[in-house]
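None of these values were measured; they are calculated from a predicted model.
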Amino acid sequence: MKKTAILKMGHIKKSLGRSYDELIIAGMGLPKSDFVVFDIPDGDELPGDFDYKGLVISGSSLMLTNEIEWLDKVSNWILKAVNKNIPIFGICFGHQILTYALGGKVDYNPKGIEVGTKTVNLQPEAKNDKLFCIFDKELSAQTSHVQTVSALPKGAVSFATSEMEEHHIIRFADNIWGVQYHPEFDEKIIRMIIGGKARRYPGKVNAEKLLKEARGTNDGNRILKRFGEIINNKQRLLALQGKKTT
């Protein structure tokens, strides 16, 4: 069976525990052997061909509007995945680089820094989406971002907001989604991130208030597991179609 590719777009501080890819794999609840990980900042070369059943693009502490030497090269590779019509899921920076690759725009969030456990409100069209139909009108999300999608790519649909974010969930195409929040983070991680953001941006983050509001949620694991189901169901369908034509 084909594997799912993970583009690891950055590194988490060791004090926060596991790496982005480890957190994503744990959240999806699938064997590590089902995945192949490419560490982009560490210089892992992306393959010239594309033979994966799905793609997850992780978060990063990088700012997409800053100069990143590999940005266009990786964006072009992501477009190859888009053209393969496989399920793709971008998280935070991954959500933003999908936007960039598909012709949208990313910039600093004019509302400020969003960090902590937030309620994300879903638009009615989310109920008809095969990934987010598992939720009703809202979900609980662990957030940590300074930049945001400022203009959607052509054809993309945004169907989730919070007090500080207009585009928490974007469906770029039938099999392609991005989320501005971090479904792989738990309460322990978000509490540590709140403290770190308060130190990095003094006067811009109310750590005391945000720490009181921080709480655990299973909604992140639910969406990661659902995405894993979509990947594997599509792979099984393609395998069945292949058998019928041979």
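Using modelled atom types, no side-chain atom of Gln123 and backbone atom of Glu125 make a donor-acceptor pair closer than 3.5 Å. A side-chain donor-acceptor contact under 3.5 Å links Asn109 to the backbone of Met164. When atom types are taken as modelled, the side chain of Asn233 and the backbone of Glu229 share a donor-acceptor pair closer than 3.5 angstrom. Here the side chain of Thr161 pairs no donor or acceptor atom with the backbone of Glu166 at under 3.5 angstrom. Using modelled atom types, no side-chain atom of Thr148 and backbone atom of Ser150 make a donor-acceptor pair closer than 3.5 Å. Between the side chain of Ser58 and the backbone N or O of Met9, at least one donor-acceptor pair lies under 3.5 Å. Distance alone, capped at 3.5 Å, places no donor-acceptor pair between the Glu184 side chain and the Ile24 backbone.
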*Before giving the answer on side-chain contact (heavy atoms from CB on, under 4.5 Å), spell out for Asn128 and Cys133 the whole-Å C-alpha distance, their side-chain angles and the decisive distance to 0.1 Å.*
CA-CA 6 Å; Asn128 298 318; Cys133 62; over 6 Å; no
*asked:* One pair to check against salt bridge (Lys or Arg N to Asp or Glu O under 4.0 Å): Asp51 and Lys2. What are the steps and the verdict?
replied: CA-CA 7 Å; Asp51 194 28; Lys2 294 181 180 180; 3.0 Å; yes
*asked:* Walk me through whether Leu46 and Leu7 qualify under side-chain contact (heavy atoms from CB on, under 4.5 Å).
replied: CA-CA 9 Å; Leu46 292 168; Leu7 299 191; 3.6 Å; yes
*asked:* Applying side-chain contact (heavy atoms from CB on, under 4.5 Å) to Asp107 and Val149, what does each step give before you reach the verdict?
replied: CA-CA 7 Å; Asp107 209 336; Val149 171; over 6 Å; no
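Applying the ring-ring contact (aromatic ring centres under 6.0 Å, His included) test to Phe93 and every residue at least two apart in sequence or in another chain returns nothing. For Asp174, the salt bridge (charged side-chain N to carboxylate O under 4.0 Å, His left out) partners are Lys130, not counting sequence neighbours. Partners of Ser162 according to the side chain to side chain donor-acceptor pair (under 3.5 Å) rule, which considers only residues two or more places apart in sequence or in another chain, are Glu114, His168. Applying the side chain to side chain donor-acceptor pair (under 3.5 Å) test to Thr65 and every residue at least two apart in sequence or in another chain returns Gln147. Applying the salt bridge (charged side-chain N to carboxylate O under 4.0 Å, His left out) criterion to Asp21, with sequence neighbours excluded, gives Lys8. Residues that satisfy the ring-ring contact (aromatic ring centres under 6.0 Å, His included) test with Phe50, not counting sequence neighbours, are Tyr52, Trp77. With sequence neighbours excluded, the residues that form a side chain to side chain donor-acceptor pair (under 3.5 Å) with Ser144 are Lys197. When the salt bridge (charged side-chain N to carboxylate O under 4.0 Å, His left out) test is applied to Asp42, no partner is found at least two apart in sequence or on another chain. Remark: Lys154 pairs with no residue by the salt bridge (charged side-chain N to carboxylate O under 4.0 Å, His left out) rule, at least two apart or across chains. For His95, there are no ring-ring contact (aromatic ring centres under 6.0 Å, His included) partners two or more places apart in sequence or in a different chain. Among residues two or more places apart in sequence or in another chain, the side chain to side chain donor-acceptor pair (under 3.5 Å) test is passed with Asp129 by Arg171, Trp177. Residues meeting the ring-ring contact (aromatic ring centres under 6.0 Å, His included) test with Phe185, sequence neighbours left out: His182.
Counting heavy atoms from C-beta on, the side chains of Leu152 and Leu102 never come closer than 4.5 Å. Residues Ile86 and Ile176 fail the side-chain proximity criterion, which asks for heavy atoms closer than 4.5 Å. With contacts defined as side-chain heavy-atom distances shorter than 4.5 Å, the pair Phe172/Ile88 does not qualify. The shortest side-chain heavy-atom distance between Val115 and Leu210 falls under the 4.5 Å cut-off. Looking only at side-chain heavy atoms (C-beta outward), Glu213 and Lys118 come within less than 4.5 Å of each other. Contact check for Ile25 versus Ile6: side-chain heavy atoms found under the 4.5 Å cut-off. Side-chain contact between Pro87 and Leu55 is absent, with no heavy-atom pair separated by less than 4.5 Å. Using a 4.5 Å heavy-atom threshold, the side chains of Val74 and Tyr100 count as separate.
Heavy atoms of other residues, nucleotides or ligands lying less than 6.0 angstrom from CZ of Arg200 number 12 at most. Few gaps surround NZ on Lys127; more than 12 heavy atoms of other groups in view lie less than 6.0 Å from it. Residue Lys73 qualifies as open at atom NZ: its count of foreign heavy atoms under 6.0 Å is 12 or below. Atom NZ of Lys137 has 12 or fewer heavy atoms from other residues, nucleotides or ligands within 6.0 Å.
Atom CG of Leu131 sits about 8.0 Å away from atom CD1 of Ile169, to the nearest 0.5 Å. A distance of 5.0 Å separates CG of Asp39 from CG of Asp44, quoted to the nearest 0.5 Å. To the nearest 0.5 Å, atoms CD1 (Ile91) and CG (Leu98) are separated by 11.0 Å. The line from CG of Asp186 to CG of Leu23 is 7.5 Å long, rounded to the nearest 0.5 Å. Between Leu30 atom CG and Thr4 atom OG1 the span is 7.5 Å, to the nearest 0.5 Å. Within the model, atoms CD1 of Ile230 and CG of Asn175 stand 7.5 Å from one another, a figure rounded to the nearest 0.5 Å.
A side-chain N or O of Ser19 and one of Glu22 form a donor-acceptor pair less than 3.5 Å apart. With no hydrogens or angles considered, no side-chain donor-acceptor pair links Thr119 and Glu138 at under 3.5 Å. Residues Gln180 and Gln96 bring a donor and an acceptor atom of their side chains to less than 3.5 Å of each other.
With respect to Leu211, the side chain to side chain contact (heavy atoms under 4.5 Å, CB included) criterion is satisfied by exactly one of Asn206, Ile194, Ile190: Ile194.
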